[in-house]
Amino acid sequence: MRTAATGHRADVDPVAAPEPGAAADVFVPYGPTHWAALGLGAVGAVVLVLVGRRLRGRRAEVRFRRGFAVLILAFQVPVEVRRLLPGQFDLHDSLPLQLSDLAWIAAAYALWSGRWWACALTYYWGLTLTPQAVFTPALDAPDFPHLAFLEFWVLHLVLPWAAIHLTWGAGVRPDWRGLRVAVATTAAWAVLVLGFNAWAGTNYGFLNRKPDNPSLLDLLGPWPWYLVVELVLVVLGWALITWPWTRRRGA
């Protein structure tokens, strides 16, 4: 199965006999576990802002950021390795070609190094592309505590958390230079993955066709025009969330 928000496979055996009560264990948008995940996301964001401000400018800040980076790696690396194992591998789902795959790598590196360009990618990807999957998840998978559920929600919570901690906690400020890097990197990813999809018959990033499940892309027109509209909307949205920071500095 595939999650429409990320394109990643929910590792469920469709022919396996359901266990008793399995029907109640399917993830339901805005069901109890979805609200729990949203609540955890909100609480975690507040805590990370408070911790970041308390530690800002101290050596403990670097240790905290790097510990956060290690936690992301400790979870995501085994997840990615598992997808590549012979019993799990699927050309259409398993390769790390989703934008979310780049996003968690950028977030971990930004937290570890504090490099401005990695922080910029984390800010734009983590605060705009990831939240749509948080609020409108098309997760066709069993509910908590199934591994597919955990994979989805850990990834889609830690990315906004990293962006929020770096920006409002640690004080890393977005600027137009970072916006240009994010746009250029995203466009380069789209061109490369679009070409790979055409060659391999895959659909990473939903760049070559829309997802089967209903999504926001349905409002943007047919292929390939929805890609153009999506790009314009993304750039405009990123500009809007950059402008207040540069205005405050008089940039």
Under 3.5 Å, which donor-acceptor pairs do the side chains of residues 29-41 form with other protein atoms, sequence neighbours left out?
residue	atom	partner	partner atom	Å
Y30	OH	F135	O	2.6
T33	OG1	D143	OD1	2.6
T33	OG1	D143	OD2	3.1
H34	ND1	Y30	N	2.7
H34	NE2	V134	O	2.9
W35	NE1	Y30	O	3.1

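Look at E80 and R83 and you find a salt bridge, because one of the NZ, NE, NH1 or NH2 atoms lies within 4.0 Å of a carboxylate O, short of that distance.
Side-chain atoms of T185 and W125, non-hydrogen and from C-beta on, do get closer than 4.5 Å to each other. When side chains are defined from C-beta on, Q76 does not count as touching V158, because their heavy atoms never get closer than 4.5 Å. With a 4.5 Å cut-off on side-chain heavy atoms, R63 and R66 do not count as touching. Counting heavy atoms from C-beta outward, T128 and W238 have side chains that approach closer than 4.5 Å. Side-chain contact between R65 and L166: present, with at least one pair of heavy atoms (C-beta onward) separated by less than 4.5 Å. The closest side-chain heavy-atom distance from L111 to H165 is below 4.5 Å. A heavy-atom distance below 4.5 Å is found between the side chains of T167 and P174. Residues Q98 and D101 meet the side-chain proximity criterion, which asks for heavy atoms closer than 4.5 Å.
Under 3.5 Å, the side chains of T242 and Y124 contain a donor-acceptor pair of N or O atoms.
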Full working for side chain to side chain contact (heavy atoms under 4.5 Å, CB included) between L220 and W225: CA-CA 7 Å; L220 305 184; W225 300 111; over 6 Å; no
Might you work through the side chain to side chain contact (heavy atoms under 4.5 Å, CB included) test for V234 and T186, ending with a clear yes or no? CA-CA 10 Å; V234 165; T186 305; 5.7 Å; no
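More than 12 heavy atoms of other residues, nucleotides or ligands lie within 6.0 Å of CZ in R56, so this atom counts as buried by the packing criterion.
Here W168 and W245 bring their ring centres to under 6.0 angstrom of each other. Aromatic pair Y109/W117: ring centres closer than 6.0 Å.
Residue T202 is tested with D93, N197, D90 for a side-chain hydrogen bond (donor to acceptor under 3.5 Å, both in side chains); the sole match is N197.
No chain of hydrophobic side-chain contacts below 4.5 Å, direct or via other Ile, Leu, Val, Met, Phe, Trp or Tyr residues, connects Y123 to V46.
For V232, the side chain to side chain contact (heavy atoms under 4.5 Å, CB included) partners two or more places apart in sequence, or in a different chain, are L236.
Interatomic distance, CG of N203 versus CG of L194, reported as 9.5 Å (0.5 Å rounding).
Residue pairs meeting the ring-ring contact (aromatic ring centres under 6.0 Å, His included) criterion with at least one member in residues 41-62, sequence neighbours excluded, do not occur.
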